[in-house]
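These notes concern the structure reproduced below.
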Amino acid sequence: MTSPGAHGIDTPSLLSWFSGAGRPLPWREDGVSAWEILLCEVMSQQTPVARVEPVWRDWLARWPGPAELAAAAPADVIRMWGKLGYPRRALRLRECAAVVVEKFHGEVPTEVEDLLTLPGVGDYTARAVACFAHGQAVPVVDTNVRRVVARAVNGVAEAGPPSIRRDLAAVEALLPDECQEAVTFSVAMMELGALVCTARSPDCDACPLAASCAWVAAGRPAWDGPRRKAQTYAGTDRQVRGLLLDVLRDGDGTATAARLVAVWPDTVQRDRALDSLLADGLVVRTGERYSLPA
DNA sequence: GACTCGTGGAC
DNA sequence: TGTCCAAGAGT
């Protein structure tokens, strides 16, 4: 599979494609700080990039760096997070800012090992920051990269269940040695997965890897592995949590129990959702009222 | 590993 | 209309 013409990632074609087709996202501009990149990576976890951009700008205008964020009230942080989803990320981000200030002298760490100690920073985000903010040639594996590798290298339609060790090893083997090229490689792989090699309807006619793609060569066979569990939402605790928090987020940050009762009829589920919000620190109870944490 | 945790756009 | 899915992390 290492001989010329073998299937896999045609890196020169990939990089050429990216230079012309990559989106001009604001955090890709020169001079963007490591903190600003960390912020956009956390906001982008499971959230479409297009929805992140305006929140990222507003957020940085209010809290330019970790010191400012660490000093902010949780209620304001939750409100500024808006409707990006998974609001626990907002609280973790504030905790992350505090750790950066207290343990790393206000500077975003450069080593993956140190980045992994930050709240809300996991295997993807740690390597994304090390690579995109600090220029390190470390493998960056997100859902896009996993899908592109599955198709172009392995010749299958989907990536299958994630495995950190296996996925990192697979991408490590593809990563260019030189730092600058490695950084562009990772951005380009993610961008290709986001724009061309998409989950639902890959546009192979527009793909710079089509000529070298193992999946295309095999005739784009359908996925015969395990089907991902359908991601339900309606009727789940997640939906109820969202409805409850929405009441507090949109108002003055406080509401009576009766106001919250109105958003969901099932007492058991509503109480369970509210308890979990309290446990997460997204909501606090003061007497008869519920509020965002001051 | 399996499960939980929001929100909204695309088809 | 309902299903799928999106720059994952924590337990």
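Numbered from 1 within each chain, the chains take letters A, B, ... in sequence-line order.
A salt bridge between A:Asp58 and A:Arg62 is absent, with no side-chain N of the basic residue lying under 4.0 Å from a carboxylate O of the acidic one.
Other residues, nucleotides and ligands contribute more than 12 heavy atoms inside 6.0 Å of the CD atom of A:Glu68. Counted within 6.0 Å of CZ on A:Arg272, heavy atoms from surrounding residues, nucleotides or ligands total more than 12; the atom is thus considered enclosed. Applying the 6.0 Å contact sphere to CG of A:Asp250 captures more than 12 heavy atoms from other residues, nucleotides or ligands. The environment of CZ in A:Arg259 is sparse: at most 12 heavy-atom neighbours from other residues, nucleotides or ligands sit within 6.0 Å.
Follow the hydrophobic side-chain contacts under 4.5 Å out from A:Trp63 and you never reach A:Val101; the two are in separate clusters. A:Leu69 and A:Leu282 fall into different hydrophobic clusters, where Ile, Leu, Val, Met, Phe, Trp and Tyr are joined by side-chain heavy atoms under 4.5 Å apart, directly or via other members. Taking hydrophobic clusters as Ile, Leu, Val, Met, Phe, Trp and Tyr residues chained together by side-chain heavy-atom distances below 4.5 Å, A:Phe132 shares a cluster with A:Val52.
With C1' as the reference atom, B:dG1 and C:dG8 are 16 Å apart, rounded to whole Å. Separating the P atom of B:dC3 from that of C:dA7 is a span of 24 Å, rounded to the nearest Å. Nucleotides B:dG6 and C:dT11 are separated by 14 Å at their P atoms, to the nearest Å.
The shortest heavy-atom contact between A:Trp215 and A:Pro221 is NE1-O, 2.9 Å. The two atoms that bring A:Ala137 and A:Leu175 nearest to each other are O-CD2, 3.4 Å, heavy atoms only.
Between A:Gln46 atom CD and B:dG8 atom C1' there is a gap of 14 Å when expressed in whole angstrom units. In this structure, the CZ atom of A:Arg88 is 12 Å from the P atom of B:dT4, given to the nearest Å.
Among the heavy atoms of the strands lying under 4.0 Å from A:Arg147 are primed sugar atoms or P, OP1, OP2 only; no base atom is included. Within 4.0 Å of A:Trp81, counting heavy atoms only, lies no atom of the nucleic acid at all. Among the heavy atoms of the strands lying under 4.0 Å from A:Pro87 are primed sugar atoms or P, OP1, OP2 only; no base atom is included.
The stretch residues 254-280 of chain A has no heavy atom under 4.0 Å from DNA chain B, so no residue of it qualifies as close. Less than 4.0 Å separates DNA chain B from no heavy atom of any residue of residues 178-199 of chain A. Sorted by residue number, the list of members of residues 106-139 of chain A with any non-hydrogen atom under 4.0 Å from DNA chain B is empty. Annotation: proximity of residues 228-249 of chain A to DNA chain B (heavy atom, distance under 4.0 Å) is found for A:Lys229, A:Gln231, A:Tyr233, A:Asp237, A:Arg238, A:Arg241, A:Gly242, A:Arg249, numbered in ascending order.
Judged purely by distance below 3.5 Å, without hydrogens or angles, the side chains of A:Trp27 and A:Glu36 never pair a donor atom with an acceptor atom. Defined by atom type and a distance below 3.5 Å, a donor-acceptor pair is present between the side-chain atoms of A:Arg89 and A:Thr47. Donor-acceptor pairing under 3.5 Å is lacking for the side chains of A:Gln45 and A:Tyr124. Checked by atom type, the side-chain pair A:Arg289/A:Thr256 shows no donor-acceptor distance below 3.5 Å.
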Please write out the pairs of protein N or O atoms and N or O atoms of nucleotides 9-11 of chain B separated by less than 3.5 Å, giving the distance to one decimal.
none

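The side-chain hydrogen bond (donor to acceptor under 3.5 Å, both in side chains) with A:Glu158 is formed by just one residue from the set A:Arg146, A:Arg227, A:Arg151, A:Arg147; it is A:Arg227.
On the nucleic acid side, DNA chain C contacts chain A at distances under 4.0 Å to non-hydrogen atoms, with the end points of that region at C:dC4 to C:dG10.
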Practice task
Check the pair A:Asp114, A:Lys103 against salt bridge (charged side-chain N to carboxylate O under 4.0 Å, His left out), reporting the backbone distance first and the verdict last.
Solution key: CA-CA 10 Å; A:Asp114 291 327; A:Lys103 306 291 186 187; over 6 Å; no
Practice task
Could you check A:Glu191 against A:Arg23 for salt bridge (charged side-chain N to carboxylate O under 4.0 Å, His left out), going step by step and ending with a plain yes or no?
Solution key: CA-CA 8 Å; A:Glu191 193 76 339; A:Arg23 293 167 294 181; 2.8 Å; yes
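Looking at A:Val145 and A:Ser186, their side chains never come closer than 4.5 Å, going by heavy atoms from C-beta outward.
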